[in-house]
Amino acid sequence: VISEGTSGHNLGRVDGSGTLALQDGNFPAGVFNTFLECANHSTIEYGGTGDYTIIADLYDEIPNLLFSGSGTKTLPAKDLTVCDSLIIGTGADNPVVDNTVYDRKLTILGAMKYRSGTFQSGSGTGATVSFAASTAQTLGGILGDFTGSNAFNNLEINNSEGLTINPGGAIEVNGDLMLTEGLIHTAASDKLTLINPGSDCVIPVGGSDASYVNGPLIKLINQGDNFSFPIGQGSLPGNRITLSSTQTGRLLWTAQYIS
C-alpha cells in the first residue's frame with residue numbers, strides 16, 4: 001500500500017500477480033512491465049479518502065482496476081483498456097469514479113462490476129464504455145447494475161460473441177448505443193433502457209445484420225418522434241420496427257421482435 005500524502009517511492013522491479021494499492025493518483029517509480037501485462041492478471045487499486053486525478057503514464061492497458069475508499073477518483077486524460085475486470089467499490093465504501101473531466105473511452109475485455117459508490121460516465125462522443133472481448137461478456141445483475149446516476153453515457157458492443165444482460169439486471173444509457181459488432185441479449189427482467197429521447201441515439205440507425213438487440217429494448221421517446229428499434233431474434237435481425245409516439249410528453253416504450 002502506498003499511503004496518502006507520501007511521495008518519492010521507488011519499488012524497483014515489480015513482478016507477480018498481486019495488488020498494488022495506491023491512495024493517490026501518482027504511480028510510484030519502478031519497472032512494472034511484467035506486472036502490468038494483461039496476461040499477468042494483477043490489480044491496481046485506487047483507494048484512500050482523498051480526491052485526486054489518476055496519472056496513467058505507465059499504462060494504456062491494465063489487467064484489473066479497482067476503485068475503493070471514498071472521495072473522487074478522476075479518470076486520466078487518455079483512453080484505457082481493462083483486460084479482466086473494472087470494479088467500482090467493494091460494497092462497504094463510497095468511491096466516486098469520475099469520467100466527466102476528460103470524457104474518455106473505457107474498453108472492457110472482461111467484466112465491469114459495480115459494488116458501491118458512484119460512476120460518473122461523462123458526456124459527449126468520447127465518453128464511451130466499449131465491450132470488446134473475443135469471448136462472450138455479461139453485464140448487470142450479479143455484477144451490479146448501471147442505472148440512474150451510474151448510467152452509461154455511450155455504450156458500445158464490439159464483440160462478435162455478444163453481450164448478455166444478466167438475470168435481473170438493469171442497464172441505462174444516457175447517450176448513444178453503438179452497435180459495432182455482436183448482439184446484446186436481453187429479456188423481460190434483464191433490461192436495457194435508452195434514456196436519451198433522441199431518435200438518432202443508436203449508431204447505426206436501426207442496428208445492422210451484424211449487431212442488434214436480441215430481446216426487448218426500452219426507449220424514451222418524445223411525443224411526435226419516430227424511433228427505429230434495433231432489435232431482432234436469435235440470428236435473425238428485425239430492423240423493421242419504427243414506432244411513432246402520439247402520446248403526450250415523453251414515455252418509455254418497449255419493443256421486441258419475435259419471428
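Excluded from the calculations below are hydrogen atoms, water molecules and symmetry mates; all remaining heavy atoms, backbone and side chain alike, are included.
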Between [X] and [Y], what is the shortest heavy-atom contact and its length?
X: S199; Y: N226; result: CB-O, 3.1 Å
X: G168; Y: D145; result: O-OD2, 4.1 Å
X: S85; Y: N64; result: N-OD1, 3.1 Å
X: S68; Y: T90; result: CB-CG2, 4.0 Å
X: T125; Y: N154; result: O-ND2, 3.4 Å
X: V14; Y: F35; result: O-CB, 3.4 Å

Answer yes or no: is there a side-chain heavy-atom contact under 4.5 Å between [X] and [Y]?
X: L217; Y: P230; answer: yes
X: Y114; Y: T147; answer: no
X: S70; Y: D93; answer: no
X: S42; Y: L20; answer: no
X: L192; Y: I218; answer: no
X: T72; Y: T74; answer: yes
X: V129; Y: I108; answer: yes
X: D176; Y: T128; answer: no

Answer yes if the side chains of T180 and E156 hold a donor-acceptor pair under 3.5 Å, and no otherwise.
yes
Ignoring hydrogens and angles, state whether a donor on the side chain of N159 or E181 is under 3.5 Å from an acceptor on the partner side chain.
no
Got a donor-acceptor contact below 3.5 angstrom from the [X] side chain to the [Y] backbone?
X: N214; Y: I231; value: no
X: S130; Y: A132; value: no
X: S121; Y: A151; value: yes
X: Y212; Y: L179; value: no
X: R250; Y: N222; value: no
X: N174; Y: N153; value: no
X: D103; Y: G126; value: no
X: K73; Y: G25; value: no
X: Q233; Y: S259; value: yes

Step-by-step side-chain contact (heavy atoms from CB on, under 4.5 Å) determination, L22 to I44:
CA-CA 7 Å; L22 307 176; I44 301 297; 4.2 Å; yes
Please round to the nearest 0.5 Å and tell me the distance separating atom [atom1] of [X] and atom [atom2] of [Y].
X: E172; Y: S149; atom1: CD; atom2: OG; answer: 10.0 Å
X: L65; Y: C83; atom1: CG; atom2: SG; answer: 11.0 Å
X: Q120; Y: T100; atom1: CD; atom2: OG1; answer: 5.5 Å
X: L139; Y: K113; atom1: CG; atom2: NZ; answer: 12.0 Å
X: T107; Y: L80; atom1: OG1; atom2: CG; answer: 9.0 Å
X: D190; Y: T138; atom1: CG; atom2: OG1; answer: 11.0 Å

Consider only side-chain heavy atoms of I, L, V, M, F, W and Y, link residues closer than 4.5 Å, and tell whether [X] and [Y] are in one cluster.
X: L36; Y: L75; value: yes
X: L58; Y: I62; value: yes
X: I221; Y: V173; value: yes
X: L143; Y: L66; value: no
X: I54; Y: F119; value: yes

Parallel, tilted or perpendicular: which fits the ring planes of Y52 and Y46, with parallel below 30° and perpendicular above 60°?
tilted
Using 30° and 60° as the class limits, which term best fits the ring planes of F146 and F152: parallel, tilted or perpendicular?
parallel
Taking C201 as the fixed residue, which of L220, N196, I195 is the one that meets the side chain to side chain contact (heavy atoms under 4.5 Å, CB included) rule?
N196
Could you walk me through whether D60 and K78 pass the salt bridge (charged side-chain N to carboxylate O under 4.0 Å, His left out) test, one step at a time?
CA-CA 8 Å; D60 301 301; K78 66 190 303 184; 2.8 Å; yes
One pair to check against side-chain contact (heavy atoms from CB on, under 4.5 Å): I203 and L177. What are the steps and the verdict?
CA-CA 6 Å; I203 302 170; L177 177 64; over 6 Å; no
The test is side-chain contact (heavy atoms from CB on, under 4.5 Å); show your working for F131 and L109 and say whether it passes.
CA-CA 6 Å; F131 288 84; L109 302 183; over 6 Å; no
For the pair S228 and T242, evaluate side-chain hydrogen bond (donor to acceptor under 3.5 Å, both in side chains) and give the outcome as yes or no after the intermediate values.
CA-CA 4 Å; S228 296; T242 298; 3.1 Å; yes
Do other residues, nucleotides or ligands put more than 12 heavy atoms under 6.0 Å from I142 CD1?
no
Under 6.0 Å between the ring centres of F27 and F32?
yes
side-chain contact (heavy atoms from CB on, under 4.5 Å), that's the test. Do F67 and E45 meet it? Break it down for me.
CA-CA 6 Å; F67 298 94; E45 177 180 355; over 6 Å; no
